[in-house]
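I have placed the structure first, in the form of structure tokens, so that the comments after it can refer back to it.
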Amino acid sequence: MNRHSIYEPENAKILNIREQTEKEKLFEIELESGEPLDHDPGQFVELSIAGVGEAPISITSSPTKEGASFELCVRAVGNVTNALHNLKINDEVGIRGPFGTGFDVEEFKGRDVLFIGGGLGLAPLRSLINYVIDRRDEFGKTAILYGCREPCEILYEDELDQWDEMTNMDLHQTVDRCPEGVCWEGNIGVITTLIPHVDFDPDTTIAAVCGPPIMYRFVMEELKNRNLPDEQVFLSLERRMKCGVGKCGHCQIDGLYTCQEGPVFNYADVKDVEEAL
Amino acid sequence: MISKEDFEAFVERLVKEDHREVVGVQEKGDKFVFDELKAAKDLRLDYDVTILPPKKYFMPQRETLVKYKVKDGHKAVNEITPRIILGIHPYDLEAIRQMDKVFSDTYEDKNYLKKREASVLVGVNIENVSEWCFAGSMGTSTIEEHYDLMLTDIGDKYAIEIGSEKGFELLDEADVMEASEDDISAVKKKKEGVKEKFEKKLDLPPEELPILLERSYGNTDFWKEHSEKCYSCGSCNLVCPTCYCFDVKDFNELTLDEGERIRQWDGCLLEEFAIVAGDENFRENRYQRYRHRFMRKGRYIHDRFGDIACVGCGRCGSHCVPDIADPTEIYNDLKEVTK
Amino acid sequence: MSGKPKAAFFDLAGCEGDQLQIANLEEKVLDLINIVEVVSFREIMKEHSDDYDIAFIEGSVTNDHLAERLEEIRENASIVVGLGSCATIGGINSIRNSQDHEEVKHRVYGDQADLFPSWDKAKAIEDVIKVDYHVHGCPIDRDEFIHVVESLVLGKDPEIPNYPVCVECKLNENICAFERDEFCVGPVTRAGCDSCCVNEGTICWGCRGLIDNPNDDAHSDVLEEYGLSAEEVMKKFNLYFGWQQEARKDE
Amino acid sequence: MSKEVNVDVEYLTRVEGHGNIVVNAKDGKIEKCEWQVVEAPRFFESMVVGRSWKELHHITSRICGICSIGHSLTSLKATEEAMGIEISQQDEMLRKLALHGENMQSHILHVGYLALPDLAGVGSVIPLASSHPDELKTVIGLHRLANDMSKLLCGRTTHPQRLIPGGFSKLPTIEELETLKGRLADSVEDLKAVASFVKGLASRFPDFERETEFFSLGHDKEYPLYDGKLKSSDTGTALVEDYLSMTNEYIVPQSTAKYTKNNREAYMVGALARLNNNYDNLSPMAKEVAESFGLEPVCHNPYMNNVAQIVEVVHNVEDSIRLIDLVLDMGLEEQSPYHQPDIDVRAGRGIGAIEVPRGILFHDYTYDDDGICTEANAIIPTNQNHGNIQYDMESLVPQMLADKTEKEIELALEMLVRAYDPCISCSTHYVDVKFV
Ligand SMILES: Cc1cc2nc3c(=O)[nH]c(=O)nc-3n(C[C@H](O)[C@H](O)[C@H](O)COP(=O)(O)OP(=O)(O)OC[C@H]3O[C@@H](n4cnc5c(N)ncnc54)[C@H](O)[C@@H]3O)c2cc1C
Ligand code: SF4
Ligand code: SF4
Ligand code: SF4
């Protein structure tokens with residue numbers, strides 16, 4: 001990044017917007033410079049809207065994606081994210097990053113990969129999933145477990161169908177509940193209920209887990225029951241952030257900086273860190 | 001060496017003639033602060049401690065990082081006032097050394113570093129010790145590097161040690177004389193003497209803090225008990241020379257087409273420090289926030305940068321209204337209970 | 001809101017000092033009327049309309065008549081903003097909430113006391129209607145008012161501090177009241193005033209009200225340790241927190 | 001002529017606080033003509049009972065946001081008198097400056113933002129931005145100067161912080177006072193411009209007179225704002241201690257507020273009353289401006305209160321420059337930026353009387369040995385004017401019934417009330433309101 005200051009966002013343009021659910025939209029963005037972001041799966045950017053502020057957002061597209069643009073999947077929950085949702089194609093935003101430590105793809109290579117995503121947690125995972133798909137022969141078997149609260153909250157529906165049809169890719173979905181009158185033929189129950197459906201070899205499997213804070217505890221317990229070693233689990237954590245570059249202090253998890261050592265952590269490194277999970 | 005008279009004349013000249021802003025320690029009521037010098041006679045080199053550390057000149061309380069025009073995107077801003085800062089105590093110099101490290105680590109924070117570069121640091125050895133200070137225990141009551149000039153009051157004159165090219169150049173205009181053997185030993189005696197003056201003391205060598213803190217992290221009762229009266233006011237963070245957390249906010253003009261993104265000092269003791277959208281608070285309890293500060297000072301920063309991030313200035317203890325923030329008390333108590 | 005939002009200003013029981021702060025914006029008033037259309041502002045204009053999006057309300061509610069007016073305003077407006085302590089927390093009016101109402105009335109009006117329609121307590125407007133945003137302070141801070149208006153027009157939540165005044169006192173490098181043998185309620189009072197009273201050499205009186213989660217027990221203890229009697233501590237809290245403390249008890 | 005006139009102005013605009021005007025006339029005869037005040041009671045005189053001497057000025061400042069400096073100072077004078085606290089000559093001069101600042105602020109606001117629209121024939125100050133942009137800019141500039149001056153002396157323009165029992169918690173610096181002096185001197189041209197602008201429109205002030213009594217402070221040597229004895233145009237001077245016998249609060253059935261009277265059924269307070277009673281002590285330039293309007297004592301046209309306000313602003317500016325010079329000549333005494341005067345708390349009663357923008361204001365406190373207030377009374381200028389407003393209306397309406405339309409009557413009445421610049425929100429006591 002050769003900006004004047006680590007706090008100066010680079011201008012970028014919204015190329016496309018796709019509505020995902022009532023609260024999530026997928027934004028395709030390209031930097032004014034026309035350069036690709038050059039990120040690792042699991043990294044994030046600081047998205048800036050002048051006059052409103054900044055928010056850290058995971059990059060949901062894979063670095064292997066064609067073209068210079070990248071994608072962010074954003075849930076409208078507050079000032080910046082609401083303002084972003086009000087923008088239109090061709091509007092400008094500011095981007096800083098990519099920041100943080102993403103998934104170490106070298107670690108994943110040659111192994112079977114188990115993706116476990118809860119809700120919006122699928123956003124950062126999708127970057128890695130598509131990376132694996134684009135370099136299919138470098139990885140072993142893959143399975144995706146994806147859970148949402150309700151069917152209306154499901155992200156990337158077209159892509160899920162594509163993933164489902166791929167050979168060598170095992171996709172399982174669940175919802176916590178299905179309101180009356182909504183059509184849902186899949187599993188109902190929390191995400192941990194999907195784990196027994198997949199068959200994996202703890203010796204050769206590596207898991208990437210991402211979801212809301214409470215999900216982790218239950219998922220980890222279940223994976224432990226299946227003898228998956230802690231070192232073979234990577235997870236992505238979220239904390240308040242103001243700078244993204246290890247200065248502002250907000251994202252500290254005990255001694256760890258989410259924006260530096262994370263957001264993707266090896267489970268073995270954080271399992272004993274009280275503030276982490 | 002410089003006589004006090006000549007020193008005052010020298011400072012007066014700086015105030016009047018130097019293109020840089022000259023700041024120094026001055027009285028505010030019955031306390032002291034670093035502030036712009038209007039006249040050399042206002043400089044008080046015999047102060048005990050200032051309310052805020054000189055950090056405010058490199059990382060101001062409120063600082064514009066970015067200006068934006070809604071139509072033109074963002075522009076980085078760094079308002080730099082070149083300064084000569086007079087009268088920094090050794091512990092504050094040590095803190096500045098640590099901050100330099102933090103702000104140049106991985107991503108260089110030019111807002112800090114450029115302001116830092118544009119400053120000349122003139123230190124002074126401690127004459128009067130504040131009742132809360134425990135620099136003696138932290139090894140920061142004197143310092144041999146990381147200043148441009150260092151003054152020591154020896155009666156009717158100041159001894160001047162030169163720490164850098166910048167410092168040397170500053171002295172260009174001063175009526176200085178060569179130090180005698182006596183002068184040198186007087187300075188030495190002064191530096192030795194100050195170590196004895198601190199009433200507050202740590203009962204353990206600071207190097208042991210990381211381990212002590214690691215062991216007592218889980219002693220929830222201890223932290224709860226000590227933080228019961230905590231207001232979550234963040235005063236202990238805000239006055240600390242080694243605290244650097246900040247918040248960032250956008251402020252628009254009423255015309256709505258332009259504005260500024262500013263950073264403002266923040267503190268991990270404040271309730272909303274770790275809260276995210278949806279109101280989840282990752283450090284919800286008072287004791288967790290209270291504990292975090294001590295962990296950060298004595299352990300986390302050490303793990304990252306190798307420094308104990310407390311220089312023993314005692315400001316946190318003296319500014320805590322319920323009187324629960326004094327590090328010596330906490331660390332000494334911890335040592336007691338973790339025996 | 002599409003187009004320029006329409007704003008109206010109202011006053012209940014208060015001193016109108018907050019509306020004066022808006023008049024005191026000087027030229028910025030012209031910027032203000034560029035981004036919102038002021039349709040009612042009795043203190044400075046004759047025109048009035050009931051067609052508005054944002055209602056700014058100053059003053060406390062102290063009788064049925066005012067409560068009815070307030071409800072009407074709520075119905076007309078899509079956003080209601082409390083302006084100043086009297087509206088946001090009951091303000092100085094709520095001193096009398098801890099006094100005996102009969103005595104209060106008789107002291108001022110003697111045997112005509114009962115001619116008065118007045119509740120025994122002064123209340124924040126939030127006691128009667130739903131309030132969307134608060135601009136605290138006695139009087140309001142002009143910059144904070146601008147920030148709130150600017151935010152509402154841009155459709156974002158204004159950032160109102162939820163930390164105590166001590167924070168700003170530190171940023172301003174003040175000598176703490178407790179080091180000057182004075183007593184201050186800054187440690188439990190919401191910041192946002194830039195610690196203006198302490199900056200001017202006095203103490204924080206508490207006009208912006210309690211922060212969301214004040215350690216008021218600790219502060220009572222501390223005030224007593226520093227030498228106030230329990231009754232004096234109560235009076236310190238009653239100056240501005242009268243309505244708020246009661247509302248908190250009811251929660 | 002058979003004509004029915006119904007004027008019912010609920011919540012009169014461009015005044016502080018809430019007041020209604022109700023007039024019903026049939027066949028040239030008035031059936032009802034009332035000035036009603038419908039402000040909700042706030043009970044200040046009770047609120048302060050039980051509170052400490054350190055808090056009273058803080059609390060009573062909140063009686064009125066517009067003249068909070070005046071309320072604070074009156075309150076401080078009462079407390080200081082009750083405890084025998086002396087303030088230094090320097091602090092007294094600085095307080096007088098603060099009062100000038102507030103008087104300027106309030107008068108400019110009133111003339112420029114509230115009364116001028118009537119003269120220019122528009123509904124508010126907002127249209128003036130396009131119809132008279134230059135004049136408005138000048139008015140805003142003067143208003144800002146007055147506010148900056150108040151802020152410099154008091155910490156804040158509304159609900160001042162620096163004014164404390166015994167003096168000031170924090171003082172302005174010499175440089176700040178020098179800068180202020182320069183700005184004041186520079187403002188004279190602008191003031192003259194505003195005065196001549198108003199003069200151009202002065203023919204729109206209704207030509208109406210009614211003889212009445214004028215009540216204010218009076219002083220041999222100065223134009224009295226901060227200090228003086230009581231003075232009535234009818235009964236002469238009296239001591240401040242005797243304020244109750246000159247104000248005589250009473251209740252009238254057809255109105256809502258407590259009225260006051262002295263020699264006649266009602267009297268007038270405010271800028272015009274001060275000017276009528278103390279014309280000789282106005283500053284030279286202020287006299288010039290008064291002359292240019294043909295305003296000289298004793299003027300019985302209440303609408304001329306607006307002009308008297310302009311004259312006073314000129315006086316405020318000139319006298320402020322004089323005071324700043326005096327303070328600077330004496331040299332500013334140094335004190336801590338958190339000054340707390342040593343005060344010997346004791347029991348006693350004290351009365352403060354000060355001329356605030358709208359007229360004479362009284363605070364009267366009794367303290368016990370611990371400095372806790374046991375009794376308080378406050379008489380506010382606007383209250384003292386209510387009676388006079390009512391009598392003016394009763395005399396004005398019949399004069400207009402014959403050849404004026406309902407609209408014209410309404411405007412004349414509104415302008416009348418506004419001329420008094422009532423600050424109804426600050427009125428501390430009222431009686432019940434009956435709606436027609
Ligand atoms: C590493 C990382 C990756 C993320 N990836 C995504 C993503 O792909 N899609 C998505 O929709 N959301 C993501 N989030 C969450 C997103 O950052 C928050 O929802 C967003 O910051 C809320 O900002 P706001 O201004 O809309 O909300 P407000 O509630 O108005 O936020 C106010 C301020 O609080 C801070 N804040 C609030 N919530 C968070 C949070 N969860 N994390 C960090 N700071 C916060 C921000 O600094 C923000 O400026 C991610 C967060 C992190 C830390
Ligand atoms: S200064 Fe004291 S009360 Fe305030 S946050 Fe720190 S420990 Fe808590
Ligand atoms: S923790 Fe306290 S004593 Fe240590 S450096 Fe910070 S303020 Fe000074
Ligand atoms: S003066 Fe009051 S607000 Fe300021 S630090 Fe002290 S206690 Fe806090």
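Here is how names work: the chains are called A, B, and so on, in the same order as the sequence lines, proteins then strands, and each is numbered from 1.
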Is [X] in contact with chain C via its backbone, its side chain, both, or neither, using a 4.5 Å heavy-atom distance?
X: B:S232; result: backbone
X: B:L270; result: side chain
X: B:L256; result: side chain
X: B:F34; result: backbone
X: B:E228; result: backbone
X: B:D30; result: both

With a 4.5 angstrom heavy-atom cut-off, is it the side chain or the backbone of [X] that approaches chain B, or both, or neither?
X: C:D221; answer: side chain
X: C:N34; answer: neither
X: C:L154; answer: side chain
X: C:E150; answer: both

Residue-level interface, residues 182-205 of chain C with chain B, non-hydrogen cut-off under 4.5 Å: C:P187, C:D194
Atom NZ of B:K69: over 12 foreign heavy atoms under 6.0 Å: no
Atom CD of B:E199 with >12 non-hydrogen neighbours under 6.0 angstrom: no
Mind checking the [atom1]-[atom2] spacing from [X] to [Y]? Nearest 0.5 Å is all I need.
X: C:N213; Y: B:R286; atom1: CG; atom2: CZ; answer: 5.5 Å
X: B:T255; Y: C:I35; atom1: OG1; atom2: CD1; answer: 8.0 Å
X: B:D266; Y: C:Y163; atom1: CG; atom2: OH; answer: 7.5 Å
X: B:N252; Y: C:S151; atom1: CG; atom2: OG; answer: 7.5 Å
X: B:K31; Y: C:R180; atom1: NZ; atom2: CZ; answer: 10.5 Å
X: B:L238; Y: C:N172; atom1: CG; atom2: CG; answer: 11.0 Å

Steps toward side chain to side chain contact (heavy atoms under 4.5 Å, CB included) verdict (B:H319, C:E179): CA-CA 9 Å; B:H319 285 95; C:E179 298 205 61; 4.2 Å; yes
Check: B:D35 and C:E173 side chains under 4.5 Å, non-hydrogen atoms: no
Side-chain touch B:F251/C:D143, heavy atoms, less than 4.5 angstrom: no
Shortest non-hydrogen contact between B:L254 and C:K28, atoms and distance: CD1-O, 3.7 Å
Contact summary for C:P164 and B:Y231, nearest pair of heavy atoms: CG-O, 4.5 Å
Best-contacting candidate, B:C230, B:G267, B:P60, against chain C by heavy atom pairs under 4.5 angstrom: B:C230
Selection from [options] maximising heavy-atom pairs under 4.5 Å formed with chain B:
options: C:V153, C:V149, C:V165, C:N174; result: C:N174
options: C:I175, C:I211, C:D31; result: C:I175
options: C:N162, C:L32, C:V222, C:L171; result: C:L171

Candidate pair B:K249 and C:H147, rule side chain to side chain contact (heavy atoms under 4.5 Å, CB included), full reasoning: CA-CA 11 Å; B:K249 296 179 187 172; C:H147 173 65; over 6 Å; no
